[in-house]
Amino acid sequence: MSGSPVKRQRMESALDQLKQFTTVVADTGDFHAIDEYKPQDATTNPSLILAAAQMPTYQELVEEAVAHGRRLGGCVCDGCSVHWAALPPPCATRCPPLPILAASLSLLGIPGIGDKLVPLVITRLALLPSQEEQITNATDKLFVLFGAEILKKIPGRVSTEVDARLSFDKDAMVARAQRLIDLYKEAGISKDRILIKLSSTWEGIQAGKQLEEQHGVHCNMTLLFSFAQAVACAEAGVTLISPFVGRILDWHVANTDKKSFEPLEDPGVKSVTKIYNYYKKFGYETVVMGASFRNTGEIKALAGCDFLTISPQLLGELLKDHSKLAPTLSVKAAQASDLEKVHLDEKAFRWLHNEDRMAVEKLSDGIRRFAADAVKLERMLTAVLAELGGRVPGALWSCAGAGPAERSLCVSASCCRDGPRAPEPLHAALGRRHSRDLPQAPGSCGAMAPPCGDSVA
């Protein structure tokens, strides 16, 4: 016999009980922790990916991401005239479509070629790989590689974060989010299994609104500390918010006379409770996912919340805890609350958020911390890139499909670890000022330079 229901209930861990009325999410990039605690979803951020990427277990993913960045390269336009229609995104949007004079062809020293040479030549110049672009591409790829591996271990969704340094640039956040979604698509993963994490600045919230409405991309608004942020997110119709608990507690401990709080009086718990009640009372569909916990008491005090994202350490503590757990949040209690509905345009949002000193300071601090870890991650990837050989040599100067005259121009260039070297006539045509990023002297690449594109018989 399996025993009475009462005995089985006593044997259940607090984690198992919590899963009965709250969706449990793992706040980690460590696959082994996800395997152990079997959450529905998982969340990542630059800090978590940085920590995981430094583990020997995940070095293959790091090297794969860097190799991707090397292959993809970047765009270097530097003011030179470009035939913009010949450039693939993102070069086409970055390089201005300046006019190209037919007279420049004669300066190349190759008479009678015709206009079709110009797109070939300038496209090759515009596609010189830049290390900054390589590292950016490698970083995005690393986030997606971790996300893809995590999705093999969970039934739900993974949250992947947009660079916090874009927190005040709506258009840049939208573009970066779409790039992440494209990378997931290349990996065979539907956007329905991805939550794009954005900072809950006004610009971030509007980026989330645009991604949801125009692109069908689900968003997770993070670094949320104020009621104003929560209201703006609900009105934007984003999929999910992550109001922080522990960081709010940290601020109150550091800035008030009170140094300890009972779970139900914890200022972070009270903040999430108010947001949950507001959303449920007024019928917002946005999911509330409490985040950033300092202890299991905070977690238990928010039992019944839609989602809770929890670190492996606290998941472990809940697994060992066999005390009885009951939900403290409910739709019924929320609907009975005395909260009044609020509407916030940009001016009202900025004012109400600004009135909350804690939220202003913690949002700024959170952005700086995530940005700092993003920089550390980039430095680590830059070191790996250097170990793997620096820039991608040669491939961007392919002569495939070119006619005889075009081939003669292409093969007169050399390629090296610092990128392809343009032939002297091409330097003259563009002007030294516009080609200063190209090596100037023949033979400057050294003996290790690989061949450029196809060989010529």
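This is a predicted model, so every value here is computed, not measured. Just so you know, these numbers use all the heavy atoms, side chains as well, and skip hydrogens, waters and symmetry mates.
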Are any non-hydrogen side-chain atoms of Leu377 and Thr139 less than 4.5 angstrom apart? yes

Glu235 to Val342 - nearest heavy-atom pair and separation: OE2-O, 3.3 Å

Going by heavy atoms in the side chains, are Gln40 and Val25 under 4.5 Å from each other? no

Give me the atom names and distance for the closest heavy-atom approach of Ala177 to Leu211. CB-CD1, 3.6 Å

Does the pair Glu161/Lys197 count as a salt bridge with the N-to-O cut at 4.0 Å? yes

Okay, side chain of Ser226, backbone of Ala359: is any donor-acceptor separation there less than 3.5 Å? no

Please test Lys191 against His218 for side chain to side chain contact (heavy atoms under 4.5 Å, CB included), starting from the C-alpha separation and ending with a verdict. CA-CA 8 Å; Lys191 64 184 178 182; His218 301 297; 5.9 Å; no

Nearest heavy-atom contact between Phe21 and Ala303 is CE1-CB, 3.7 Å

Is any side-chain heavy atom of Ser271 less than 4.5 Å from a side-chain heavy atom of Phe225? no

Beyond-backbone contact of Phe307 with Thr22, side-chain heavy atoms, under 4.5 angstrom: no

Do other residues, nucleotides or ligands put more than 12 heavy atoms under 6.0 Å from the CD atom of Gln313? no

If you measure from the Lys or Arg side-chain nitrogens to the Asp or Glu carboxylate oxygens, is any gap between Asp345 and Lys347 under 4.0 Å? no

Taking 4.0 angstrom as the limit, do Glu298 and Arg294 come out as a salt bridge? no

Could you report the tightest heavy-atom contact between Glu213 and Ala236, atom names first, then the distance? OE2-O, 4.5 Å

If we count only N and O atoms by modelled type, under 3.5 Å, do the side chains of Ser199 and Ser167 hold a donor and an acceptor together? yes

Checking side chain to side chain contact (heavy atoms under 4.5 Å, CB included) for the pair Arg176/Leu166: CA distance, chi angles, key distance, verdict? CA-CA 9 Å; Arg176 195 69 170 267; Leu166 304 178; 3.8 Å; yes

Output the distance between atom CG (Leu308) and atom CG (Leu314), rounded to the nearest 0.5 Å. 11.0 Å

Return yes if some donor-acceptor pair links the side-chain N/O of Gln54 with the main-chain N/O of Leu50 below 3.5 Å, else return no. yes

Examine the side chains of Asn220 and Ser242 and answer whether a donor and an acceptor come within less than 3.5 Å of each other. yes

Out of Val269, Asp266, Leu302, which residue meets the side-chain contact (heavy atoms from CB on, under 4.5 Å) rule with Phe293? Leu302

Looking only at the side chains, is there a donor atom on one of Thr43 and Asp27 sitting less than 3.5 Å from an acceptor on the other? yes

Point-to-point distance, once rounded to the nearest 0.5 Å, from SG of Cys219 to CD of Gln210: 10.0 Å

Looking only at non-hydrogen atoms, find the nearest pair between Leu145 and Ala65 and report the distance. CD1-N, 3.8 Å

Answer yes or no: is there an ion pair linking Glu64 with Arg71, defined by an N-O contact shorter than 4.0 Å? no

If I take atom OG1 from residue Thr160 and atom CD1 from residue Ile150, how far apart are they, to the nearest 0.5 angstrom? 7.5 Å

CG of Leu381 to NZ of Lys141, rounded to nearest 0.5 Å, is 13.5 Å

Mind checking whether Met380 and Val62 have side chains closer than 4.5 Å, heavy atoms only? yes

Non-hydrogen side-chain atoms of Ser13 and Asp321 separated by less than 4.5 Å: no

Identify the two heavy atoms, one from Leu318 and one from Leu18, that lie closest to each other, and give their separation to 0.1 Å. CD1-CD2, 4.3 Å

Test salt bridge (charged side-chain N to carboxylate O under 4.0 Å, His left out) on Asp306 and Lys280; report intermediate values, then the result. CA-CA 10 Å; Asp306 297 329; Lys280 303 312 175 190; 2.9 Å; yes

If you draw a 6.0 Å radius around CD in Glu132, do more than 12 non-hydrogen atoms from other residues or ligands fall strictly inside? no

Below 4.0 angstrom, N of the basic side chain to O of the carboxylate: do Asp182 and Arg179 qualify? no

With the threshold set at 4.0 Å, does a side-chain nitrogen-carboxylate oxygen contact exist between Lys153 and Glu149? no

One pair to check against side chain to side chain contact (heavy atoms under 4.5 Å, CB included): Val238 and Lys209. What are the steps and the verdict? CA-CA 6 Å; Val238 298; Lys209 178 181 174 69; 5.6 Å; no

Considering only heavy atoms from C-beta outward, does the side chain of Val158 approach that of Leu195 to under 4.5 Å? no

Could you grab the distance from atom CD of Gln206 to atom CE of Met173, nearest 0.5 Å is fine? 9.5 Å

So, do Thr44 and Thr28 sit near enough that their side-chain heavy atoms are less than 4.5 Å apart? no

Looking only at atom types and distance, does a side-chain atom of Tyr279 sit under 3.5 Å from a main-chain N or O of Ala230, one as donor and one as acceptor? yes

Separation between CG (Leu48) and CG (Asp30), nearest 0.5 Å, reads 10.0 Å

Between Thr222 and Leu198 (side chain of the first, backbone of the second, donor and acceptor by atom type, cut-off under 3.5 Å), is there such a pair? no

Less than 4.0 angstrom from a charged side-chain N to a carboxylate O is my criterion; do Glu265 and Lys270 meet it? yes

Should the heavy atoms of other residues, nucleotides or ligands under 6.0 Å from NZ of Lys258 be counted, would the total exceed 12? yes

Taking the six-membered ring of Phe244, is the NZ or CZ of Lys362 close enough (under 6.0 Å from the centre) and on axis enough (within 45°)? no

Name all pairs fulfilling the ring pair (Phe, Tyr, Trp, His ring centres under 6.0 Å) condition that reach into residues 133-181, sequence neighbours left out, sorted by first residue then second. Phe31-Phe146, Tyr58-Phe146

Before giving the answer on salt bridge (charged side-chain N to carboxylate O under 4.0 Å, His left out), spell out for Arg350 and Glu203 the whole-Å C-alpha distance, their side-chain angles and the decisive distance to 0.1 Å. CA-CA 11 Å; Arg350 293 191 185 280; Glu203 293 82 4; 2.9 Å; yes

Heavy-atom donor-acceptor pair, Gln229 side chain to Leu224 backbone, under 3.5 Å: no

State whether a side-chain donor-acceptor pair under 3.5 Å links Tyr184 with Ser190. no

Verify salt bridge (charged side-chain N to carboxylate O under 4.0 Å, His left out) between Arg369 and Asp365, making sure each step is shown before the conclusion. CA-CA 6 Å; Arg369 287 175 182 269; Asp365 178 67; 2.7 Å; yes

Does the pair Arg357 and Asn255 meet the rule for a side chain to side chain contact (heavy atoms under 4.5 Å, CB included), with working shown? CA-CA 11 Å; Arg357 177 188 158 200; Asn255 292 277; 3.3 Å; yes

Under a 4.0 Å N-O cut-off, is there an ion pair linking Glu378 with Arg165? yes

